[in-house]
Trainee: 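Encoded as structure tokens, here's the structure I'll be asking about.
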Amino acid sequence: MSKKPFWVLALSLLGISFAGPLVRLSAADPLAIAVWRLGFSLVIVAAFLAGSGEWREWRRVTRPELLLAIAAGVALALHFWAWNASIHLTTIAASVTLVNLQPAVVATISAVALREAPTRTQLWGIAIAILGALVVAAPDLFGGLAPSGNAHLLGNLLATSAAVTAALYYTIGRRLRASLGIWSYVGIVYTAAFLALVVIGLIRHVALAPQPSRELAIFAGLALGPMLLGHTGMNWALKFLPAYVVNLTVLGEPVGATLLGALIPSIRQIPSLTTLLGGAIVLSGVIITASDRSRRSTVRD
């Protein structure tokens, strides 16, 4: 198997590591952040669709495929909404760690729906990575369960729910990417997610526009880094690798996001010894799972 998908996943990990800190820097409503992030992303996707000509693939998309893509978009919309809210209720370390518990859900769904059951070694890798994620989030989990920690508890629950919707999004993507190009696929999914969030925003009377120039710069950063390099890169890799392998890559995000949160002056969330220990365990699980080549993808370019 070519190493190219793994290099793309490495760049994707770098991109998504900026998501938590950028959302934390924003003062906008969580729904508005998600709407603008997707809006800017769609402008970029439209340019690639026009340049590559992949929009022609929409002519042969079947109704079941279209409905699945829309379902993936709705799942992505709910993921962004819940996770953006969680970032402002708990710490970056806890939020990005809990949202990345999704490999456990993806592995289950992939085994049932896609017949891509992970090997025993990969199951051990997933278990180790999830254990590390729990170690990172443990201080906030315990604090959230205290009577005075309802905000942390809500943030942790929202991040966990975002993990479930993200797992659905990636699993559906694994199925559709076998027959659709990357730009034709994300064009449908991102549009569905954008429209779903706009409708939710209108129903909830959220002020989506106008936004200050500082906020627009943050939204553009979210579109270029976490969205284009991160999510789109992982969607590209789904054509060549099982969904749980692609999804496990994001378990390295807590390490990158926590470090960025500590280095950015206006955030300055210094990681604790527990966070550093958990991050090391997470990376160990990622390495174990990614290095097991006994399980091959059945999809080819």
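For this chain, numbers begin at 1 and follow the sequence in order.
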Trainee: Please check if Met227 and Val186 belong to a single hydrophobic cluster, counting links between Ile, Leu, Val, Met, Phe, Trp and Tyr side chain heavy atoms closer than 4.5 Å.
Mentor: yes
Trainee: State plainly whether one hydrophobic cluster holds both Leu259 and Leu22, where clusters connect Ile, Leu, Val, Met, Phe, Trp and Tyr through side-chain heavy atoms under 4.5 angstrom apart.
Mentor: no
Trainee: Find the distance between CG (Leu25) and CZ (Arg214) and round it off to the nearest 0.5 Å.
Mentor: 6.0 Å
Trainee: Would one find more than 12 heavy atoms of other residues, nucleotides or ligands at under 6.0 Å from atom CH2 of Trp7?
Mentor: no
Trainee: Do Leu13 and Leu9 come within less than 4.5 Å of each other through their side chains, counting heavy atoms only?
Mentor: no
Trainee: I need the minimum non-hydrogen distance between Ala72 and Tyr169, along with the two atoms involved.
Mentor: O-CD1, 3.7 Å
Trainee: Which heavy atom of Pro21 sits nearest a heavy atom of Gly261, and at what distance?
Mentor: CG-N, 4.2 Å
Trainee: A side-chain contact here means heavy atoms from C-beta on lying under 4.5 Å apart; do Ile16 and Leu229 qualify?
Mentor: no
Trainee: Tell me the closest heavy-atom pair linking Ala162 and Ala82, and the distance in Å.
Mentor: CB-CB, 4.2 Å
Trainee: How long is the span from the CG atom in Leu49 to the CH2 atom in Trp55, to the nearest 0.5 Å?
Mentor: 10.0 Å
Trainee: Going by heavy atoms in the side chains, are Trp124 and Thr121 under 4.5 Å from each other?
Mentor: no
Trainee: Is a side-chain donor or acceptor of Thr171 paired with a backbone partner of Leu168 at a separation under 3.5 angstrom?
Mentor: no
Trainee: Roughly how far, to the nearest 0.5 Å, is OG of Ser26 from CD1 of Ile87?
Mentor: 11.5 Å
Trainee: Looking at every non-hydrogen atom in both residues, tell me the closest pair between Gly221 and Pro226 and how far apart they are.
Mentor: O-CD, 3.4 Å
Trainee: Same cluster or not: Ile172 versus Val45, using hydrophobic residues (I, L, V, M, F, W, Y) connected whenever any side-chain heavy atoms lie under 4.5 Å apart?
Mentor: yes
Trainee: Show the nearest heavy-atom pair for residues Leu158 and Ser86, with the distance to one decimal.
Mentor: CB-CB, 3.9 Å
Trainee: For the atom pair CD (Glu57) and CD (Glu65), what is the distance rounded to the nearest 0.5 Å?
Mentor: 10.5 Å
Trainee: Side-chain donor-acceptor contacts of residues 188-199 below 3.5 Å, not counting sequence neighbours, with atom names and distances?
Mentor:
| from | atom 1 | to | atom 2 | distance (Å) |
| --- | --- | --- | --- | --- |
| Tyr190 | OH | Thr232 | OG1 | 3.0 |
| Thr191 | OG1 | Gly187 | O | 2.6 |

Trainee: Check the hydrophobic clustering (I, L, V, M, F, W, Y; side-chain heavy atoms under 4.5 Å; chains of links allowed) and say if Leu260 and Leu224 are grouped together.
Mentor: no
Trainee: Pick from Leu222, Ile218, Ile92, Val96: which one makes a side-chain contact (heavy atoms from CB on, under 4.5 Å) with Val23?
Mentor: Leu222
Trainee: Counting heavy atoms not belonging to Phe18, are there more than 12 under 6.0 Å from its CZ?
Mentor: no
Trainee: What closest approach, in Å, do Ser184 and Glu54 show between heavy atoms, and which atom pair accounts for it?
Mentor: N-OE1, 3.1 Å
Trainee: Return each pair, listed once, that meets side-chain hydrogen bond (donor to acceptor under 3.5 Å, both in side chains) where at least one residue sits in residues 66-83; pairs must be two or more places apart or across chains.
Mentor: Trp83-Ser95
Trainee: Should Leu31 and Ile200 count as side-chain neighbours, where that means a heavy-atom distance under 4.5 Å?
Mentor: yes
Trainee: Are more than 12 heavy atoms from other residues, nucleotides or ligands located less than 6.0 Å from atom CZ of Arg204?
Mentor: no
Trainee: Rounded at 0.5 Å granularity, tell me how far CZ in Phe48 sits from CH2 in Trp183.
Mentor: 4.5 Å
Trainee: Please round to the nearest 0.5 Å and tell me the distance separating atom CD1 of Ile33 and atom CG of Leu208.
Mentor: 11.5 Å
Trainee: So if you build clusters from Ile, Leu, Val, Met, Phe, Trp, Tyr with side-chain heavy-atom gaps below 4.5 Å, do Ile128 and Leu277 land together?
Mentor: yes
